[in-house]
Amino acid sequence: MIGTTSLSSPNLQTDETLSFSETVRTRRSYRGFLSTPIPKSTLISVLEDAQRAPSNCNTQPWNVHIVSGSKLAELSKAILTKNDTGHYTPDFTFDMNHFYGVYGIRKDAQGKAYYEAMEVARDDKAARHRAAAHNYSFFNAPHVALLFMPSFGDNVRVASDIGMYAQTFLLALAARGLGGIPQTSLGFFAETIREILGISEDQKMLFGISFGYPDEHAPGNRMKMDRVAIGDSVTFHY
Ligand SMILES: Cc1cc2nc3c(=O)[nH]c(=O)nc-3n(C[C@H](O)[C@H](O)[C@H](O)COP(=O)(O)O)c2cc1C
């Protein structure tokens, strides 16, 4: 199910994009980036693509905060401190123990692949904490997109809209030879992030996406997650 090959991201000229099929097959979560910032014009074209995402009743509920430079360093420092003291302030619950059956098995396989890539022993708690904390230095990415949303009812519909936006954003990056990683873990510090960026309390944070130029040699990029067969996910009815 899991390989450990290091994939290389395609070299593209400015304004050139991959075909749809290449884009979908190339996209993966990167856990290591070069510090080189993305040119503003490229970032705007990614955001313009992402803005085309569908949403319930075209409400377009995504409120996206892109953080770079010294503000990103400030954010990382604050979150790493809160993480070390276990001071979590998520807007939405997340409990890995809820993943039952095959979902738990897939979750465990993903965790195992990451810690193997990072050469961290399963029973080395301190090393696991350090490896997980790379989420909070944004895996060295020069940018993060923090996805905030208004709160409506049980929030399930709004959250699905944010998911639509996020995948369009990730594919827009992949099409340009860039990379990103969606991170629920950033949402564990929603309150801290709101405080530092001056975001109002009525905006709830679902997750963030660190992004930039993938560092193909970073240990975190040694893993490649596979998928179950279509037959395990899709049922045809006639
Ligand atoms: C909404 C969402 C949140 C995620 N949160 C994290 C995270 O906090 N940290 C992390 O390392 N990976 C995170 N991931 C990445 C998943 O582990 C990854 O998408 C999955 O293993 C499949 O691998 P691939 O994206 O490389 O195809 C998240 C993915 C999604 C869709």
Side-chain angles (χ1 to χ4, degrees), residues 1-9 21-33 50 53 62 64 75-76 79-80 82-83 88 90-96 98-99 102-118 120 128-141 144-149 155-156 158-175 178-190 192-193 204-212 214-216 218-228 232-233:
M1 184 169 165
I2 299 149
T4 50
T5 46
S6 170
L7 292 188
S8 48
S9 60
S21 175
E22 285 171 320
T23 299
V24 172
R25 303 280 160 161
T26 304
R27 188 219 59 81
R28 52 176 295 218
S29 293
Y30 285 97
R31 294 178 179 82
F33 295 87
W62 41 81
V64 184
L75 203 56
S76 174
I79 295 176
L80 281 165
K82 300 276 182 188
N83 184 49
Y88 307 113
D91 289 331
F92 303 102
T93 58
F94 183 75
D95 186 344
M96 290 210 197
H98 287 166
F99 294 126
V102 290
Y103 311 109
I105 292 168
R106 292 172 196 166
K107 180 261 297 174
D108 288 347
Q110 193 275 323
K112 188 167 176 281
Y114 179 56
Y115 292 115
E116 274 177 12
M118 300 302 286
V120 168
R128 281 169 71 106
H129 179 79
R130 280 195 303 275
H134 288 304
N135 274 285
Y136 306 125
S137 51
F138 309 104
F139 299 106
N140 199 41
V144 69
L146 301 165
L147 306 184
F148 283 83
M149 52 179 247
N155 289 308
V156 173
V158 201
S160 68
D161 295 338
I162 303 302
M164 295 279 170
Y165 179 90
Q167 173 68 336
T168 313
F169 184 91
L170 290 167
L171 292 176
L173 291 171
L178 301 165
I181 176 165
Q183 292 168 269
T184 289
S185 47
L186 295 176
F188 299 161
F189 302 95
T192 305
I193 292 170
K204 304 299 177 195
M205 188 183 156
L206 198 57
F207 58 93
I209 300 175
S210 296
F211 65 99
D215 177 358
E216 300 297 343
N221 291 333
R222 285 185 199 138
M223 63 195 271
K224 162 105 173 71
M225 300 312 298
D226 216 335
R227 295 296 188 271
V228 297
D232 290 335
S233 304

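Atoms within each ligand, like the ligands themselves, are counted from 1 in listed order. All values derive from a computational prediction rather than experimental measurement.
Under the 3.5 Å distance criterion, the side-chain polar atoms of Y114 are matched with a main-chain donor or acceptor of A131. Without hydrogens or angle criteria, D108 side chain to I105 main chain gives no donor-acceptor distance under 3.5 Å. D91 places a side-chain N or O within 3.5 Å of a backbone atom of M205 that can act as its donor or acceptor partner. Judged purely by atom type and a 3.5 angstrom limit, R27 has no side-chain atom pairing as donor or acceptor with the backbone of A174. Counting only distance, with no hydrogens or angles, the side chain of R31 and the backbone of I181 share no donor-acceptor pair below 3.5 Å.
Comparing M223, Q183, R31 by heavy-atom distance to atom 15 (C) of ligand 1, the nearest is R31. Across the listed options S185, S29, A166, A132, S29 owns the non-hydrogen atom lying nearest to atom 18 (C) of ligand 1.
Of the heavy atoms in L186, none comes closer than 4.0 Å to ligand 1. With a 4.0 Å cut-off on non-hydrogen atoms, Q110 touches ligand 1 through its side chain and not its backbone. Only the side chain of R227 comes within 4.0 Å of ligand 1, judged by heavy-atom distances. With a heavy-atom cut-off of 4.0 Å, M225 touches ligand 1 through its side chain alone. Looking at K224 against ligand 1, nothing comes within 4.0 Å, counting heavy atoms.
Taking a cut-off of under 4.0 Å to the non-hydrogen atoms of R28, the atoms of ligand 1 that pass are 26 (O). Of all the atoms in ligand 1, the ones that sit under 4.0 Å from a non-hydrogen atom of I181 are 10 (C), 11 (O), 12 (N). Taking every heavy atom of N135 and a limit of under 4.0 angstrom, the matching atoms of ligand 1 come to 7 (C), 8 (O), 9 (N), 10 (C), 11 (O).
Crowding of Y103 atom OH: a count of heavy atoms from other residues, nucleotides or ligands under 6.0 Å not exceeding 12.
Ring-plane geometry between F189 and Y136 is classed as perpendicular, the angle between the planes exceeding 60 degrees on a 0 to 90 degree scale with a lower cut at 30.
Geometrically, R106 does not engage F99 in a cation-pi contact, judged by NZ or CZ lying under 6.0 Å from the ring centre and within 45° of the ring axis.
For atom 31 (C) of ligand 1, the nearest protein heavy atom (residue, atom name, distance) is P182 CG, 3.8 Å. Residue, atom and distance of the protein heavy atom nearest to atom 5 (N) of ligand 1 are T184 N, 2.9 Å.
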**Derivation of the side chain to side chain contact (heavy atoms under 4.5 Å, CB included) call for L206 and F148** = CA-CA 6 Å; L206 198 57; F148 283 83; over 6 Å; no
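Distances between N or O atoms of F207 and those of ligand 1 include no value under 3.5 Å.
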